[in-house]
Participant: 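First the structure, then my questions, so here it is.
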Amino acid sequence: MLGEMGIAPQRTVGGAVRCRGVGLHSGQSVTMALRPAEPDTGIVFRRLDAGAEIRATWQNTVESALSTTLSNGAGIQIGTIEHLMAALAGCGIDNARVELDGPEVPIMDGSALPFVALVERAGIVAQDAERRAIKILKAVWVADGGAAAGLVPDHGFSMSFEIDFDNPLIRRQDIALNFEPGTFESELAPARTFGLLDDWPRLKAAGLARGGSLDNAIVVSGDRVLNAGGLRFADEFVRHKLVDALGDLYLAGAPIIGHFRGQRSGHALTRRLITALFADRDAWCDTAIVEAPRLGLLTRPDTAELARA
């Protein structure tokens, strides 16, 4: 088996599991099922109500406000996939099918933790195929105004992020994490999405956040958190930005070996970063992942480049 040779195997979920919740922006109630998939399938979403199937890749994303949205190019979309994608990335799930009976992944409690619990309930199964990664060979950066996002070479996978809000509670927060087994579940998955109470009327008028509530988002009013129980982390806001970025990065189609840095960036800039990465064939290569339980993702010394897709 691959694991015995030191090469990490691809992984899928052990069985079908379901959850039900409301869409953050649509406000619609939706049931989601997570199912196993064959090796090299990737993450594939299916709208049962529309009969459409869309693979979760950066090529299939469309511009959308405050979330990441997939489109089949024929008018069918699947919104707010980023927290689920982050959970699948954090749990090391390479192949899975996600079935929905509505237009948006349920927001659950606003974090990735319910989706981690869903994966744990299903179990994780190793598959007889090599797990591949995208190794960053040189720095790639994109910027827009005062925001920037970049990928730079590293021996494993790490992330850092800086936010700076004109709010007396949030203000400037910065975080850096090296990913080892358990890092995502303990340090990032519980961090919830957030918003300012003053922005709520504007979002509702724009047709956004129709399903938003204190049950699925941190709501900040001035220097106060309105949610009962307060914050899960003192810097929960910047931690959630890493959750969003991790979910968006998984749209590259494989784990990344390198360091991601976000500076006041969001979904659109992370997707632009992936586009810029693949546009520069000297900036990355494809490699098999070596099993390294204590160190996270590592690559083989004999990294082989993948032919241009």
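Values below: every heavy atom of this structure, side chains too, minus hydrogens, waters and symmetry copies.
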Participant: Taking the side chain from Ser64 and the backbone from Ser67, do they hold a donor-acceptor pair closer than 3.5 Å?
Facilitator: yes
Participant: Could you tell me whether a side-chain N or O of Gln127 sits under 3.5 Å from a main-chain N or O of Ala37, the two making a donor and an acceptor?
Facilitator: yes
Participant: Quick one: does Pro9's side chain get under 4.5 Å of Arg131's, heavy atoms only?
Facilitator: no
Participant: Taking Asp248 for the side chain and Ala245 for the main chain, is one N or O donor matched with an acceptor at less than 3.5 Å?
Facilitator: no
Participant: Show, in sequence, the C-alpha distance, side-chain angles and deciding distance for His267 and Asp244, and conclude whether the side-chain contact (heavy atoms from CB on, under 4.5 Å) test is met.
Facilitator: CA-CA 7 Å; His267 298 294; Asp244 283 346; 3.5 Å; yes
Participant: Can Arg46 and Val98 be said to form a side-chain contact (heavy atoms from CB on, under 4.5 Å), step by step?
Facilitator: CA-CA 6 Å; Arg46 187 180 180 202; Val98 183; over 6 Å; no
Participant: Say you draw a straight line from CD1 of Ile7 to CD1 of Ile289; how long is it, rounded to the nearest 0.5 Å?
Facilitator: 9.5 Å
Participant: Carefully, step by step, assess Phe115 and Met32 under the rule side-chain contact (heavy atoms from CB on, under 4.5 Å).
Facilitator: CA-CA 11 Å; Phe115 299 125; Met32 186 189 89; 3.9 Å; yes
Participant: Indicate whether the side chain of Arg192 and that of Ser111 have a donor and an acceptor atom separated by less than 3.5 Å.
Facilitator: no
Participant: List the atom of Glu99, the atom of Arg35, and the distance in Å for their closest heavy-atom pair.
Facilitator: OE1-NE, 3.0 Å
Participant: What's the spacing between Asn60 CG and Leu251 CG if we round to 0.5 Å?
Facilitator: 9.0 Å
Participant: Does CZ belonging to Arg121 count more than 12 external heavy atoms closer than 6.0 Å?
Facilitator: yes
Participant: Going by atom types only, do His83 and His240 share a side-chain donor-acceptor pair under 3.5 Å?
Facilitator: yes
Participant: Under a 3.5 Å cutoff, is there a donor and acceptor pairing between the side chains of Glu104 and Ser26?
Facilitator: yes
Participant: Main chain of Ile170, side chain of Asn167: is a donor-acceptor contact present, judged purely on distance under 3.5 Å?
Facilitator: yes
Participant: What pair of heavy atoms forms the shortest contact from Ala149 to Ser265, and how long is it?
Facilitator: CB-OG, 4.1 Å
Participant: Within the structure provided, determine whether Asn95 and Glu38 are in side-chain contact (heavy-atom separation under 4.5 Å).
Facilitator: no
Participant: Apply side-chain contact (heavy atoms from CB on, under 4.5 Å) to the pair Leu242 and Ile175, showing each step before the final yes or no.
Facilitator: CA-CA 9 Å; Leu242 280 187; Ile175 189 173; 3.6 Å; yes
Participant: Test your reading of the model: is there a side-chain donor-acceptor pair from Arg239 to the backbone of Glu187, 3.5 Å cut-off?
Facilitator: yes
Participant: Hey, does the side chain of Asp101 reach the backbone of Leu48 with a donor-acceptor pair shorter than 3.5 angstrom?
Facilitator: no
Participant: Between Asp164 and Arg264, is there a donor-acceptor pair closer than 3.5 Å when you use the side chain of the first and the backbone of the second?
Facilitator: no
Participant: Compute both the distance and the angle, then confirm whether Arg202 meets the cation-pi test with Trp200: under 6.0 Å from the six-membered ring centre, within 45 degrees of the axis.
Facilitator: no
Participant: Any non-hydrogen side-chain atom of Leu273 less than 4.5 Å from a side-chain atom of Val140?
Facilitator: yes
Participant: Ignoring hydrogens and geometry beyond distance, is a side-chain donor-acceptor pair present between Arg18 and Thr31 at under 3.5 Å?
Facilitator: no
Participant: If we ignore hydrogens and angles and just use 3.5 Å, is the side chain of Asn72 paired with the main-chain N or O of Ile54 as donor and acceptor?
Facilitator: no
Participant: For the residue pair Asp109 and Asp215, establish whether any side-chain heavy-atom pair is separated by less than 4.5 Å.
Facilitator: no
Participant: Quick one: OH on Tyr250 to OG1 on Thr57, what's the gap to the nearest 0.5 Å?
Facilitator: 13.5 Å
Participant: Checking the side chain of Arg11 only, and the main-chain atoms of Ala126 only, is there a donor and an acceptor separated by less than 3.5 Å?
Facilitator: no
Participant: Determine the minimum heavy-atom distance between Asp154 and Ser158, stating which atoms define it.
Facilitator: OD2-OG, 2.8 Å
Participant: Using only heavy-atom distances, determine whether the side chains of Arg97 and Thr41 contain a donor-acceptor pair under 3.5 Å.
Facilitator: no
Participant: Atom CD of residue position Gln59 - does it have more than 12 heavy atoms of other residues, nucleotides or ligands inside 6.0 Å?
Facilitator: yes
Participant: What are the two closest non-hydrogen atoms of Leu66 and Glu82, and how far apart are they?
Facilitator: O-OE2, 4.1 Å
Participant: Taking all atoms of both residues into account, what is the closest heavy-atom pair of Val116 and Phe184, and its distance?
Facilitator: CG2-CE2, 3.7 Å
Participant: More than 12 non-hydrogen atoms from neighbouring residues, nucleotides or ligands closer than 6.0 Å to CZ on Arg272, yes or no?
Facilitator: yes
Participant: Just checking Phe161 against Phe237, ring centres under 6.0 Å apart?
Facilitator: no
Participant: Do side-chain atoms of Gln10 reach the backbone of Glu130 as a donor and acceptor pair under 3.5 angstrom?
Facilitator: yes
Participant: Taking the side chain as everything from C-beta on, heavy atoms only, tell me whether His259 gets closer than 4.5 Å to Ser160.
Facilitator: yes
Participant: Minimum heavy-atom separation for Asp280 and Trp284, please, with both atom names.
Facilitator: O-CD1, 3.4 Å
